[in-house]
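Indexing begins at 1, ligand by ligand and atom by atom, following the structure's order.
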Amino acid sequence: MAFSVKDKSSVALGSHAYHKPMNSPIYTPSSSASSSSSSYMLRPPPPCLAHASRNLKCPLLLPQAICTSQKKYPCFGAHVKASFNTNTLKNYTSARCSPWSSEAQFLVSNKALKRQLFSVGSLATPTAEGVPDTTLIGDDKIGVLLLNLGGPETLEDVQPFLFNLFADPDIIRLPRIFSFLQKPLAQFVSVARAPKSKEGYASIGGGSPLRRMTDAQAEELKKSLWEKNVPAKVYVGMRYWHPFTEEAIEQIKRDGITKLVILPLYPQFSISTSGSSLRLLESIFREDQYLINMQHTVIPSWYQREGYIKAMANLIEKELKSFDCPEEVMIFFSAHGVPLAYVEEAGDPYKAEMEECVDLIMEELETRKLTNACTLAYQSRVGPVEWLRPYTDETIVELGKKGVKSLLAVPISFVSEHIETLEEIDVEYKELALESGIENWGRVPALGCEPTFISDLADAVIESLPYVGAMAASDLEARQSLVPLGSVEELLAAYDSQRTELPPPVIVWEWGWTKSAETWNGRVAMLAVLLLLCYEVIADKGLLHQLGLWPSLR
Ligand SMILES: C=CC1=C(C)c2cc3[nH]c(cc4nc(cc5[nH]c(cc1n2)c(C)c5CCC(=O)O)C(CCC(=O)O)=C4C)c(C)c3C=C
Ligand SMILES: [Fe+2]
């Protein structure tokens, strides 16, 4: 028994084609998409935006993170779809004055862009022997900076780690006039959440495996690069815990790196993950003379890459075989959620990229004659606002009710094991699934150091090398040709302008225990917390002071 939208009698959760909004958790890739994109092409224009900071007032790093070319010309050597995604970027209208807007003038036509990108792209092609063009390396010292989230290594680390996370304005997005409350709020929320989080970390051995796993990935990536004749150093920069991004940058300076490839370890781009790390880097770069002069490029997201898609498909194929009736298993993609407002108001491409990623993996499985039904849902929501739907927990219950008997969970937004795979999926969701009538449960491991995946990351780095510093050329045409800056500027301008506003209120009021009531309760609670925090700051007394959770200002 396989479930799909083409088979509505089996599970009637509504229609669900990839390019439509995902109202229901069940979908199968649309047949047109399958047929149009079952092959991989080698040299599409890249999504990475190359920069060198020379000749620019500031290094303009962040725009590289978000590139509209991704949908139309997916990443180096990646899957090219014939049909374009209806890109969220189309919604952006305003071009504001932002730290990045100095580039808005370099708008280019896609035609010119393609022409140049194909010719520049060919520079990156490894030779037949797999040896990259050494002129790309020359006397340069090449570094690769892996960006990741970081995780507490001991239970004592949990609360300060949470503080760092909630103090990030890309995680708790306050209107600018309330930005002075960011740290007090982070203190409050981290202290309030720490006990629950500690329980989770205690149950997976007393800390996050993230540092260990990311270090191992860095080591393997370095080996792979050297094997491919690119003698690069690989650094790890975490956003919220050791080794912090700032520490990695100091090491990069000490090592005298002259060309840096920045590679967030998140396959899909989100404002809250890669975006946050890139924003931090941008501020570090802007202040530092060495970094301003160092050439760099960013690989903003790489979920479309052949190696990544194939590696994911390999893991799924292998895990399906462990079920008694593999063809009856529903493949259950579970992605880390983000608040809905990130996507709908701030223009986060995360949801669109996630859906496309799932589509590509399913298409790859189809080419292997694996036609299982699949579902995408979002997990790990935190706080009172609405997050991306469908939620993983609700979906599991719904699938149980609809008679689904076998589920294979696939963590899709992250490439290492972490608390949300080891605790949330393996323990909480498994238990919920079994209670909901699902009889057979499996989980695909995170990619970790899977060789196909690591080798593909190395290729992504190598393919990005021609773009490192390409913007340093004062040659206007080169600058114009390499980056579809107009769209990037629009995206960032829109994203940044949204930071001044809170999400709009729920317009239609419904009585009873409804979604709108839930949302409003959350907002009222948030407002009360804000007022209490204001009181603590202004009066230098209050509940937190009494509990000793607030350092006296006097
Ligand atoms: C693509 C991955 C991730 C997105 C998107 C993301 C957004 C996001 N996360 C929080 C809040 C928390 N995240 C926490 C841990 C955590 N988050 C990710 C990844 C994404 N987060 C990972 C890999 C981890 C685990 C790290 C580890 O230690 O193993 C936590 C702490 C754990 C907990 O208490 O549950 C919080 C809190 C928000 C609010 C958010 C988007 C705005
Ligand atoms: Fe998270």
Original post:
Can you tell which part of S272 has a heavy atom less than 4.0 Å from ligand 1: side chain, backbone, both or neither?
Top reply: side chain
**OP:** Classify the contact between E420 and ligand 1 as side chain, backbone, both or neither, using a heavy-atom distance cut-off of under 4.0 Å.
**Re:** side chain
**OP:** Could you list the residues that satisfy salt bridge (charged side-chain N to carboxylate O under 4.0 Å, His left out) with E423, not counting sequence neighbours?
**Re:** none
Original post:
Taking all non-hydrogen atoms of both residues, which atom of P264 and which atom of S274 are closest, and how far apart?
Top reply: CB-OG, 3.5 Å
Original post:
Between S276 (side chain) and D170 (backbone), is there a donor-acceptor pair under 3.5 Å?
Top reply: no
For residues 447-454, tabulate all N or O donor-acceptor pairs below 3.5 Å that involve a side-chain atom, not counting sequence neighbours.
from : atom 1 : to   : atom 2 : distance (Å)
E450 : OE1    : T452 : N      : 3.1
E450 : OE1    : T452 : OG1    : 3.3
E450 : OE1    : F453 : N      : 3.0
E450 : OE2    : T452 : OG1    : 3.2

Original post:
How close does the nearest protein non-hydrogen atom get to atom 25 (C) of ligand 1, and which residue and atom is it?
Top reply: H418 CD2, 3.6 Å
Subject >> P152 heavy atom under 4.0 Å from ligand 1 >> reply: yes
**OP:** Apply the side chain to side chain contact (heavy atoms under 4.5 Å, CB included) test between Y303 and each candidate in M354, E353, M312; give the one that qualifies.
**Re:** E353
Original post:
Between S416, P411, A341, P339, which one has a non-hydrogen atom sitting closest to atom 41 (C) of ligand 1?
Top reply: P339
Subject >> Proximity of R193 to ligand 1 by residue part, where a heavy atom lies under 4.0 Å >> reply: side chain
Original post:
Going by the order shown, which atoms of ligand 1 are within less than 4.0 Å of some heavy atom of L165?
Top reply: 11 (C), 12 (C), 36 (C), 37 (C)
Subject >> contact_flag F166 ligand 1 heavy-atom lt 4.0 Å >> reply: yes
Subject >> Cationic N near anionic O, under 4.0 Å, E417 to R443 >> reply: yes
**OP:** Would you mind running through ligand 1 and noting each atom that sits below 4.0 Å from a heavy atom of W387?
**Re:** 38 (C), 39 (C), 40 (C), 41 (C)
**OP:** For atom 1 (C) of ligand 1, grab the closest protein heavy atom and report residue, atom and distance to one decimal in Å.
**Re:** S413 O, 3.5 Å
Original post:
Which ligand 1 atoms does V338 reach within 4.0 Å, using its non-hydrogen atoms?
Top reply: 5 (C)
Original post:
Identify the closest protein heavy atom to atom 26 (C) of ligand 1: which residue and atom is it, and at what distance?
Top reply: L149 CD2, 3.6 Å
Original post:
Closest approach of Y342 and I171, non-hydrogen atoms and distance?
Top reply: OH-O, 2.8 Å
**OP:** Heavy-atom contacts with S208 under 4.0 Å: which atoms of ligand 1 show up? List them by number with element.
**Re:** 27 (C), 28 (O), 29 (O)
Subject >> Aromatic Y391 / basic R381 pairing, under 6.0 angstrom, 45° off normal >> reply: yes
Original post:
Between atom CG of N314 and atom CD of E364, what is the distance when rounded to the nearest 0.5 Å?
Top reply: 7.5 Å
Subject >> Ring-ring centroid check Y378 W387, cutoff 6.0 Å >> reply: no
**OP:** Using a 4.0 Å heavy-atom threshold (strictly under), name the region of T273 that reaches ligand 1: side chain, backbone, both or neither.
**Re:** side chain
Original post:
Any Lys/Arg nitrogen of E282 or R286 sitting under 4.0 Å from an Asp/Glu carboxylate oxygen of the other?
Top reply: yes
Original post:
Would a line drawn from the ring center of Y266 to the ring center of F414 be shorter than 6.0 Å?
Top reply: yes
**OP:** For atom 42 (C) of ligand 1, state which one of Y342, F414, F161, Y350 supplies the nearest heavy atom.
**Re:** Y342
Original post:
Backbone, side chain, both or neither: what part of I172 comes under 4.0 angstrom of ligand 1, heavy atoms only?
Top reply: neither
Subject >> Nearest neighbour in protein (non-hydrogen) for atom 19 (C) of ligand 1 >> reply: H336 CD2, 3.4 Å
**OP:** Taking only heavy atoms of G151 into account, list the atoms of ligand 1 that are under 4.0 Å away from them.
**Re:** 28 (O)
Subject >> Residue, atom name and distance, where the atom is the protein heavy atom closest to atom 28 (O) of ligand 1 >> reply: Y201 OH, 2.5 Å
Original post:
Who gets closest to atom 34 (O) of ligand 1 by heavy atom: S197, S270, A446?
Top reply: S197
